[in-house]
Amino acid sequence: MRLLGLAVDMAYYLWSFLGLVEAGCSAHEVLQRHGLHAKDRWEGKLEILPADPVAVFRRLQADGAWDLALVCAYLAFCSRLGFAAAQEAARVVFGR
């Protein structure tokens with residue numbers, strides 16, 4: 001795991017550690033392993049998306065994800081693909 005940042009959300013009065021976890025297995029294997037546990041083990045459901053920043057940002061935007069989810073995805077893509085690629089994907093989706 002790589003720690004990407006510590007965030008404080010002033011709107012919801014919470015703090016979060018943002019990180020990137022290398023699972024060491026495929027997305028399908030993660031889904032299988034998740035299915036072995038109680039349905040309420042994690043808050044949200046898991047879905048497989050391509051590791052493409054534009055696709056991920058569009059999905060997060062469509063789902064109305066909290067700002068921390070957007071920041072975490074952005075930092076993960078900066079760590080994995082580099083700042084320029086993450087910034088360009090964010091510009092394509094969010095227009096900034």
Side-chain angles (χ1 to χ4, degrees):
M1 179 181 166
R2 257 183 281 181
L3 181 62
L4 301 173
L6 170 67
V8 178
D9 187 321
M10 299 304 287
Y12 295 98
Y13 304 105
L14 57 90
W15 58 270
S16 300
F17 286 104
L18 307 179
L20 174 65
V21 175
E22 300 289 343
C25 57
S26 72
H28 292 287
E29 290 171 317
V30 169
L31 287 177
Q32 279 182 318
R33 292 175 185 174
H34 177 261
L36 298 174
H37 299 288
K39 291 186 187 297
D40 62 351
R41 177 141 176 120
W42 294 345
E43 288 183 15
K45 68 178 184 173
L46 299 180
E47 293 181 48
I48 298 172
L49 286 178
D52 168 44
V54 171
V56 172
F57 290 148
R58 283 189 175 141
R59 180 58 181 270
L60 291 172
Q61 184 181 45
D63 288 350
W66 287 10
D67 292 344
L68 283 179
L70 296 171
V71 169
C72 190
Y74 179 78
L75 292 175
F77 284 122
C78 283
S79 176
R80 176 59 69 87
L81 303 175
F83 175 76
Q87 184 180 35
E88 177 59 18
R91 187 197 60 72
V92 166
V93 176
F94 303 108
R96 295 185 178 130

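By convention here, the first residue in the shown sequence is residue 1.
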Checklist entry - With a 4.5 Å limit on heavy-atom distance, are the side chains of Q32 and C25 in contact? => result no
Next on the checklist: With a 4.5 Å cut-off on side-chain heavy atoms, are V92 and R58 touching?
Outcome noted: yes
So which atom in [X] and which in [Y] form the shortest heavy-atom distance, rounded to 0.1 Å?
X: G19; Y: L4; value: C-CD1, 3.8 Å
X: A51; Y: F77; value: O-CE2, 3.9 Å
X: V56; Y: P50; value: CG2-O, 3.7 Å
X: A69; Y: L60; value: O-CD1, 3.9 Å

Next on the checklist: Please verify the inter-ring angle class for F57 with F94; under 30° counts as parallel, over 60° as perpendicular, anything in between as tilted.
Outcome noted: tilted
Checklist entry - Is it the case that more than 12 heavy atoms not belonging to D52 sit under 6.0 Å from its CG atom? => result yes
Next on the checklist: Applying a strict under-4.5 Å side-chain criterion to I, L, V, M, F, W and Y, I'd like to know whether L6 and M10 cluster together.
Outcome noted: yes
Item to check | Spatial distance of atom CD (Q87) from atom CZ (R91) [nearest 0.5 Å] | outcome: 9.0 Å
